[in-house]
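Everything on this sheet refers to the single structure shown next.
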Amino acid sequence: MEGGVARNSVPPNSFDKSKVLDVKPLRSLLPVFPEAPNGPPFVCAPPNGPFPTGFSPFFPFSGPQGSPLTPGLNQNLFNSTAMPIRSFRAEPPPASNGENVQSSNKRKSVGPSSVKKKVKRSNDSELALAALTNFKPGISAAEKDDGNRELVENVLMRFEALRRKLSQMEDAKESHSDIFKRANLKAGNIMFTKGVRTNGKKRIGAVPGVEIGDIFLFRMELILIGLHSQSMAGIDFMPMKADIEGERVAISIVSSGGYEDNAEDPDVLVYTGQGGNASADKEASDQKLVRGNIALERSLHRANEVRVIRGFKDATHQTSKVYVYDGLYKVQESWMEKGKTGCNMFKYKLVRLPGQTGAFSTWKSIRKWKEDPSSRDGLILPDLTSGAESIPVSLVNEVNDEKGPAYFTYVSTVKYPKSFKLVQPSYGCNCRDACQAGNSNCSCIQKNGGDFPYITTGILACRMPMIFECGSSCPCFRNCKNRVLQTGFKVHFEVFKTRDKGWGLRSWDPIRAGTFICEYAGEVIEKIKEKADGDDGENNDYVFNTNRVYESFKWNHETESAEERSDTSEKFDIPSPLIISSKNSGNIARFMNHSCSPNVFWQPIMYEHNNEAFLHIAFFAKKHIPPMTELTYDYGIPRSDETESNNMEHGKKKCLCGSPKCRGYFY
DNA sequence: GTGAAATCAAATCG
DNA sequence: CCGATTTGATTTCA
């Protein structure tokens, strides 16, 4: 449907320009550029052939510094309209590493209120925080101005890693030390002072590396990647000539329920101007034609593209919001009307430019499907688990007539044959109703190296060699935060027929980075069966094998010191190799396809049951995943000394992941 | 350059 | 679990 038109751009002349009053057309309205997912297929073999034993030397966060990570993706196309902002935020001088910590603290203590508060604080917290700022930015000056997909993802992933780490530290501090509060703001601040950001110059139109439908959890993320650089305000703008207030155009807006917008139509947004709100010491008042309001008025006349970000309450985390980038709009008309307070409010009608992929419209469809599952086109089964999980899993085929995948038994967890009991009995903790982060007496936390593995909302804080959840001999309740895998997934999944990769898995809900997806369920087997003649490598299908070689990647926040031992920091430590077959019985994990640039990764988790500890394989979201995006993980490569690969060429399949980093094949 | 005002946050409290 | 309140950071503007 959408094929042919680059997603983030809009064909010229597709919009009625009759309303343009007094300006020559903006050059930013013109370019149509090739976009990553639709670009030429990149097929490349790994540099050294199949990986040798051990992990391949692939460190996205510490690659060659200063060189553009992906050349040629959208860069420079927007230079014509993008302009540097003099002091969007002061960066520290490129000082030698290690001194940045001090300088950032110094910078902060200039503030009026922070000095006295900080005096009493223990040095541990200060030191812990300082340690977190001790890392290499790895982003060049040019990359700070103009980004690309890889940079945007890199910045977001590092922000999240830092935020989770701070959050974990905050959870563990029962004291009133405010040093770790507001992890997102603190993480953002550290990112800025270290210069880890991209698309820092304001621009009209698409932001390189940001795709329509991308989701965000904090306003800070929008700033870090240059989508909307106001921390709270809903209207971002940019000077056109000299910086005269009347000459500014709006470049992006956030609509998230703060005002009486009309935001139901997926193609039309009636946005309320800013100001006029009642506050503690102020009555509601008429809005004035200043700031963002005058910028939107200007954008109406200039007819420039305005990015629209729509925010909603997150269904799974009621307290927080999800922001969706909904693409480019234009201001079509403006008027003034009385709001509920009886005061005058500016209203701006924004219309979505045609030819863009759906984003908010997808959310609307899903809302409908949830109310009435049968309204889902191509629905085969409302719940393929037949109630085995607490959330149903839809089975859908919108592609052809196939009525479902080959028969298998749905099981929600992994089954060990008697002979496979892994470790000696282990003992649980003594925590009353729920284990508390920061309780150093909790033996389960001790097993996890002293850190609580999940942050409050049940999100994985860091990848670990092994994670130990509470087990059946722990007296804590089932809602203890250290029981995530064992309580099952909380996301509404859909098993769907893909166009060219068989069946796949995706979600109706937005998934934030670190969210538990599911475990790999099935039967633990000793060996992968020898291939029989006439078998076309089917034995390798529906198998998870920890003994394959998995490309390493960095997900945790890495400080300098950790970088030195980076070889081991995110490596798994499994007592003995584990092979799980989901051919006859399994769960949704068996439908997850391979990708060379996956959005999901696996993590070993152990907990005890009937006095014996069992190893489980859990999948977690690598980054924020918008609804209806296929979930994929890296299948890894069989070791050359394994039975599995006796016939390597046999099990080799052409990879269709479409990633620029595609290895070309998978097993 | 400084400080205060404004801002479609986010966390906490009751 | 919800609304109200508090806490708070950043940018803009006088």
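Throughout, protein chains are lettered first and strands after them, A, B, ... in sequence-line order, and every chain is numbered starting at 1. This structure is a prediction, so every number in the text was calculated from the model and none was measured.
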Counting only side-chain N and O atoms of [X], is one of them less than 4.0 Å from OP1 or OP2 of [N]?
X	N	answer
A:Gln230	C:dT12	yes
A:Tyr348	B:dC8	no
A:Arg248	C:dC13	yes
A:Lys321	B:dA9	yes
A:Tyr323	B:dC8	no

Rounded to the nearest Å, what distance is computed from the [atom1] atom of residue [X] to the [atom2] atom of nucleotide [N]?
X	N	atom1	atom2	answer
A:Asp314	C:dC2	CG	P	13 Å
A:Lys181	C:dA9	NZ	C1'	15 Å
A:Arg291	C:dT10	CZ	C1'	12 Å
A:Phe216	B:dA10	CZ	P	13 Å
A:Met191	C:dT10	CE	P	13 Å
A:Gln287	B:dT7	CD	C1'	13 Å
A:Ile190	C:dA9	CD1	C1'	14 Å
A:Lys186	C:dA9	NZ	C1'	11 Å

### Query
With under 30° as parallel and over 60° as perpendicular, where do the rings of A:Phe620 and A:Tyr454 fit, or are they tilted in between?
tilted
Do the two ring centres, one from [X] and one from [Y], sit under 6.0 Å apart?
X	Y	value
A:Phe135	A:His557	yes
A:Phe360	A:Tyr325	no
A:Trp508	A:Phe493	no

Taking the side chain of [X] as its heavy atoms from C-beta onward, which of [options] lies nearest to it?
X	options	value
A:Asn189	C:dT10, B:dT7, B:dA10	C:dT10
A:Phe218	B:dA11, C:dT10, C:dC13	B:dA11
A:Met220	C:dT10, B:dT7, C:dT12	C:dT10
A:Ser256	B:dA11, B:dA9, C:dC2	B:dA9
A:Leu185	B:dT12, C:dT12, C:dG8	C:dG8
A:Ser231	C:dT12, B:dA10, C:dA9	C:dA9

### Query
For A:Met232 and A:Gln318, take the nucleotide of DNA chain C holding the closest heavy atom to each; which residue's nucleotide lies nearer the 5' end?
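Looking at DNA chain C, the more 5' nearest nucleotide goes with A:Gln318.
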### Task
Nearest-nucleotide wise, let me know which of A:Lys313 and A:Phe237 is further upstream toward the 5' end of DNA chain C.
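Going by which nucleotide is closer to the 5' end, it is A:Lys313.
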Look up atom [atom1] in [X] and atom [atom2] in [Y], then write down how far apart they are to the nearest 0.5 Å.
X	Y	atom1	atom2	result
A:Ile459	A:Glu160	CD1	CD	7.0 Å
A:Arg163	A:Glu170	CZ	CD	10.0 Å
A:Arg182	A:Met220	CZ	CE	9.0 Å

Need one value for [X]: base, sugar-phosphate or nothing, where a base atom within 4.0 Å counts as base even if backbone is also close, heavy atoms only.
X	result
A:Gly275	sugar-phosphate
A:Asn184	sugar-phosphate
A:Phe312	nothing
A:Thr272	base

### Message
Please tell me whether A:Glu333 and A:Trp335 have a donor and an acceptor in their side chains that are separated by less than 3.5 angstrom.
### Response
no
### Query
Where does DNA chain C pair, written as one dot-bracket string 5' to 3', with Watson-Crick or G-U pairs under 3.5 Å, ( ) inside the strand, [ ] for crossing pairs and | for another strand?
.||||||.||||||
### Query
Has the side chain of A:Asn277 got a donor or acceptor atom sitting under 3.5 Å from an opposite partner on the base of B:dC8?
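When only heavy-atom distances are counted, A:Asn277 does not reach the base of B:dC8 through any donor-acceptor pair under 3.5 Å.
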### Task
May I ask you to verify whether the side chain of A:Arg182 and the base of C:dT7 hold a donor-acceptor pair under 3.5 Å?
yes
### Message
Can you check the distance between B:dG14 and C:dG8, where both ends of the measurement are the P atom (answer in whole Å)?
### Response
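Looking at atom P only, B:dG14 and C:dG8 are 16 Å apart.
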### Query
For A:Tyr271 and B:dC8, are the ring centres under 5.5 Å apart with planes inclined under 30°?
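A:Tyr271 vs B:dC8: stacking yes.
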### Message
If you assign each of A:Gly276 and A:Arg163 to its closest nucleotide in DNA chain B, which residue comes earlier from the 5' end?
### Response
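Looking at the nearest nucleotide for each, A:Gly276 comes out on the 5' side.
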### Those residues that, when tested against A:Arg307, pass side chain to side chain donor-acceptor pair (under 3.5 Å) (two or more places apart)
none
